[in-house]
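Atoms considered below: every heavy atom in the structure, side chains included; atoms not considered: hydrogens, waters and symmetry mates.
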Amino acid sequence: MRAALLLLFVTLITIKTVTGMKNRKEKNKPSQSGSECTDWRYGNCVPSDGDCGAGFREGSCDQQTKKMKCKVPCNWKKFFGADCKYRFGSWGECDPSSGSRTRTGTLKRALYNAECQQTISVFKPCPGKIKTKTKGKKRKGKGN
């Protein structure tokens with residue numbers, strides 16, 4: 001009886017594995033329905049919930065449309081989008097008049113044919129006074 005159950009269990013696992021591999025191979029193949037469109041245009045990735053995380057991107061070619069799963073990283077910069085990848089230089093010196101530092105980035109690649117600017121500039125506030133921690137001095141507590 002145990003041997004029969006073990007044989008049945010192994011058979012079910014084998015069948016599940018074989019059908020799972022078959023589905024994976026089919027999932028990676030491009031769809032064969034309709035014409036072979038080569039000029040797909042994709043929109044931005046729109047997160048399903050909030051500003052980042054899993055979402056969907058719509059693509060269109062001729063009169064065909066499809067939805068693809070995508071992911072918006074949670075550290076993306078909204079003003080130049082998650083599909084535009086830039087190579088940035090070092091931060092510049094602090095500009096006292098504006099109180100900020102700047103650096104420029106040149107376009108490294110655009111994902112999904114996204115429309116990206118060739119160069120962009122980003123800003124951040126200048127660092128304030130550098131605070132040094134004094135070691136060895138103990139503060140008096142309320143209960144002392």
Side-chain angles (χ1 to χ4, degrees), residues 1-135 137-139 141-142:
M1 183 68 179
R2 286 184 179 176
L5 286 175
L6 183 62
L7 182 61
L8 179 64
F9 181 70
V10 169
T11 305
L12 287 174
I13 290 176
T14 306
I15 290 171
K16 188 75 168 170
T17 304
V18 170
T19 57
M21 291 298 191
K22 181 180 175 186
N23 288 342
R24 274 192 209 150
K25 289 178 183 175
E26 290 174 1
K27 195 182 281 186
N28 292 336
K29 290 182 181 178
S31 62
Q32 299 295 330
S33 61
S35 63
E36 293 296 323
C37 191
T38 57
D39 191 28
W40 283 95
R41 299 284 176 185
Y42 295 96
N44 291 335
C45 183
V46 179
S48 300
D49 187 30
D51 287 339
C52 60
F56 290 96
R57 169 189 320 274
E58 288 191 7
S60 63
C61 184
D62 295 333
Q63 295 180 347
Q64 300 176 20
T65 59
K66 65 180 177 180
K67 262 188 169 179
M68 292 177 56
K69 290 181 182 178
C70 62
K71 186 176 180 182
V72 175
C74 290
N75 63 349
W76 69 307
K77 307 297 183 207
K78 292 181 184 178
F79 48 87
F80 58 83
D83 295 332
C84 301
K85 304 298 179 187
Y86 292 92
R87 178 169 286 125
F88 287 95
S90 301
W91 286 104
E93 293 297 318
C94 183
D95 181 14
S97 62
S98 65
S100 63
R101 303 168 74 168
T102 184
R103 69 177 175 172
T104 57
T106 56
L107 184 65
K108 188 165 53 170
R109 72 172 176 255
L111 304 176
Y112 297 102
N113 298 329
E115 293 180 14
C116 303
Q117 299 175 29
Q118 287 298 315
T119 59
I120 60 167
S121 294
V122 291
F123 303 92
K124 76 174 185 179
C126 293
K129 293 181 181 178
I130 299 172
K131 296 180 181 177
T132 57
K133 293 183 179 178
T134 56
K135 294 183 180 179
K137 292 185 178 179
K138 292 185 180 179
R139 294 184 184 177
K142 290 183 180 178

Where is the tightest heavy-atom contact between [X] and [Y], given as atom of each residue plus distance?
| X | Y | answer |
| --- | --- | --- |
| G53 | P47 | O-CB, 4.4 Å |
| C116 | Y86 | CB-OH, 3.7 Å |
| C84 | L107 | CB-CD1, 4.4 Å |

Of all residues at least two apart in sequence or in a different chain, which pass the side-chain contact (heavy atoms from CB on, under 4.5 Å) check with [X]?
| X | value |
| --- | --- |
| K85 | K108, R109, L111 |
| C70 | C45, R57 |
| T104 | S121 |

note = Rounded to the nearest 0.5 Å, the CD atom of E115 sits from the CG atom of N44 at a distance of 9.5 Å
note = When rounded to the nearest 0.5 Å, the distance separating OG1 of T119 from CZ of F88 is 10.5 Å
Residues M68, F56; criterion side-chain contact (heavy atoms from CB on, under 4.5 Å); working and verdict = CA-CA 6 Å; M68 292 177 56; F56 290 96; over 6 Å; no
inquiry  = Can you confirm whether more than 12 heavy atoms, excluding those of K124, are under 6.0 Å from its NZ atom?
reply    = yes
note = By ring pair (Phe, Tyr, Trp, His ring centres under 6.0 Å), Y112 pairs with (sequence neighbours left out) Y42
message = Enumerate the side chain to side chain donor-acceptor pair (under 3.5 Å) contacts for residues 88-101, please, sequence neighbours excluded, ordered by first and then second residue.
response = D95-S97, D95-S98, S98-S100
task = May I have all residue pairs that pass salt bridge (Lys or Arg N to Asp or Glu O under 4.0 Å) and include part of residues 37-48, sequence neighbours excluded?
result = D39-R41
